[in-house]
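Before any comments, here is the structure.
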2 protein chains.
Amino acid sequence: MRINMRAPVQPTLLKTQITRNHLRFTRQRQEIFKVFVGMARHVTAEEIYREVLKKESRIGLSTIYRTLGLFCRFGLAEARQFGDGHTRYDPVYDKHHHDHLICTQCGEITEFENQHIERLQEQVARRHRFVIRRHKLELYGLCADCHDHGSGKRG
Amino acid sequence: MRINMRAPVQPTLLKTQITRNHLRFTRQRQEIFKVFVGMARHVTAEEIYREVLKKESRIGLSTIYRTLGLFCRFGLAEARQFGDGHTRYDPVYDKHHHDHLICTQCGEITEFENQHIERLQEQVARRHRFVIRRHKLELYGLCADCHDHGSGKRG
DNA sequence: TTATTATTGAAAACGATTTCTATTATCGTT
DNA sequence: AACGATAATAGAAATCGTTTTCAATAATAA
Ligand SMILES: [Mn+2]
Ligand SMILES: [Mn+2]
Ligand SMILES: [Zn+2]
Ligand SMILES: [Zn+2]
């Protein structure tokens, strides 16, 4: 049995990126990162906003979006669209590349990785003389819970 | 050498769906479908709008979006987000499921299908006791033109 | 400290969707 | 075929989630 399933996130992780890029270590960026690190995976900007507001009551929603965009450029987060009309932010500082299973009934998002698929993607690209920079594989359908006892947690 | 690469689209294709669903065969729906069928693959609502305006000068952009949404529900089109901030509509009445290679330099979109990958997706789903309804695989990077002579057609 | 910039929050703009009322396609009746 | 009732649809305007613009503010370096 393991302890510390997830390695503790260095509070310096953001500072490092900020300094490396000659940007400014503002109160807002610190607070947004702290909140982002503390929340569940695949949260929306709105969810982060409501949490940040508790400590930083004068912050604007545009700062949240801008700062999450910054985290993405730093490689600390990735923005994802799972088709519910809200962009979700995936923390990727402690996890390598993965793809997603999305339950359209209850909204559950499951992560997976499959090296076999990734190799075949490269093969497809090679045939088209295409160089892959990044990719996205999303499987939409019903999770075990939702197709077993049909009701589901959401609408 | 073949003639008629693409089978001619039945003008009745839309009418059939409209009648089957007890909806109304309006002038606007006919015109939007005619334009959609005549245009390139993966066009935006705005591009369709500009074309439809030539024949139907009083039409609203919301009707374009609504009607394209209708085509999607009918299985005649699919909406796709390739990350340039515009939803693109893929005609699928004459083509079976496929995935996409997207050049982030020049915007070129190439279609492909790979049964091997599709089977592995099912395998992943089975392991998670997940039932796939639909999926999306998008490979982003540089097309042959763009990584050979670096300039590209777009900005 | 001051000067130099990057960053902030408010407001405007964007692409897309929804709401609302006037219009119109369809159907049952002549 | 023409009518009238009725329910779906159209276009305008409002709204949504997100991005951009811009003047005021604040982090950094001199
Ligand atoms: Mn994830
Ligand atoms: Mn396509
Ligand atoms: Zn579910
Ligand atoms: Zn290209």
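We name chains A, B, ... by the order of the sequence lines, and we start the count at 1 in each one.
- Residue whose closest nucleotide on DNA chain D sits further toward the 5' end, between B:Leu61 and B:Leu23: B:Leu23.
- Summarising the geometry, the separation between CD on B:Gln30 and C1' on C:dT26 is reported as 14 Å, rounded to the nearest angstrom.
- Mapping A:Glu56 and B:Ile18 onto DNA chain C by nearest heavy atom places A:Glu56 closer to the 5' end of the strand.
- Counting atom types as modelled, B:Arg24 pairs a side-chain N or O with a base atom of D:dA7 as donor and acceptor under 3.5 Å.
- Residue A:Gln28 is in sugar-phosphate contact alone, with no base atom involved, counting any heavy-atom pair closer than 4.0 Å across all strands shown.
- Rounded to a whole Å, the CZ atom of A:Arg27 is 7 Å from the P atom of D:dA27.
- Dashed line: the shortest gap from a side-chain N or O of B:Thr87 to OP1 or OP2 of C:dG15 is not under 4.0 Å.
- Exactly one of B:Asp99, B:Val124, B:Leu137 qualifies for a side chain to side chain contact (heavy atoms under 4.5 Å, CB included) with A:Leu137. That residue is B:Leu137.
- To the nearest 0.5 angstrom, B:Ile102 atom CD1 is 5.0 Å from B:Glu138 atom CD.
- At whole-Å resolution of the value, CG in B:Leu70 and P in D:dA8 are 14 Å apart.
- Here the shortest heavy-atom pairing between A:Arg29 and A:Phe71 reads O-CZ, 4.1 Å.
- At whole-Å resolution of the value, CZ in A:Arg66 and C1' in C:dA13 are 15 Å apart.
- The distance between the ring centers of A:Tyr89 and A:His42 does not fall below 6.0 angstrom.
- Listed nucleotides C:dG15, D:dA12, C:dA10 differ in distance to B:Ser62; the shortest reach to its side chain belongs to D:dA12.
- Rounding to whole angstrom units, NE2 of residue B:His22 and C1' of C:dG28 are separated by 16 Å.
- Distance A:Ile64 CD1 to C:dG9 P: 8 Å, rounded to the nearest Å.
- D:dG17 atom P lies 11 Å from atom CZ of A:Arg50, rounded to whole Å.
- The base of C:dT23 is not paired with the side chain of B:Arg58 by any donor and acceptor separated by under 3.5 Å.
- Within the 4.0 Å cut-off from OP1 or OP2 of D:dG11, at least one side-chain nitrogen or oxygen of B:Thr63 is found.
- Using the six-membered ring where Trp is involved, B:Phe33 and B:Phe36 have ring planes that are tilted, between 30° and 60° apart.
- Along DNA chain C, the nucleotide nearest to B:Lys15 and the one nearest to A:Gly60 differ in position, and the one closer to the 5' end is contacted by A:Gly60.
- Taking atom CZ on B:Phe25 and atom C1' on C:dC27, their separation rounds to 18 Å, with Å as the unit.
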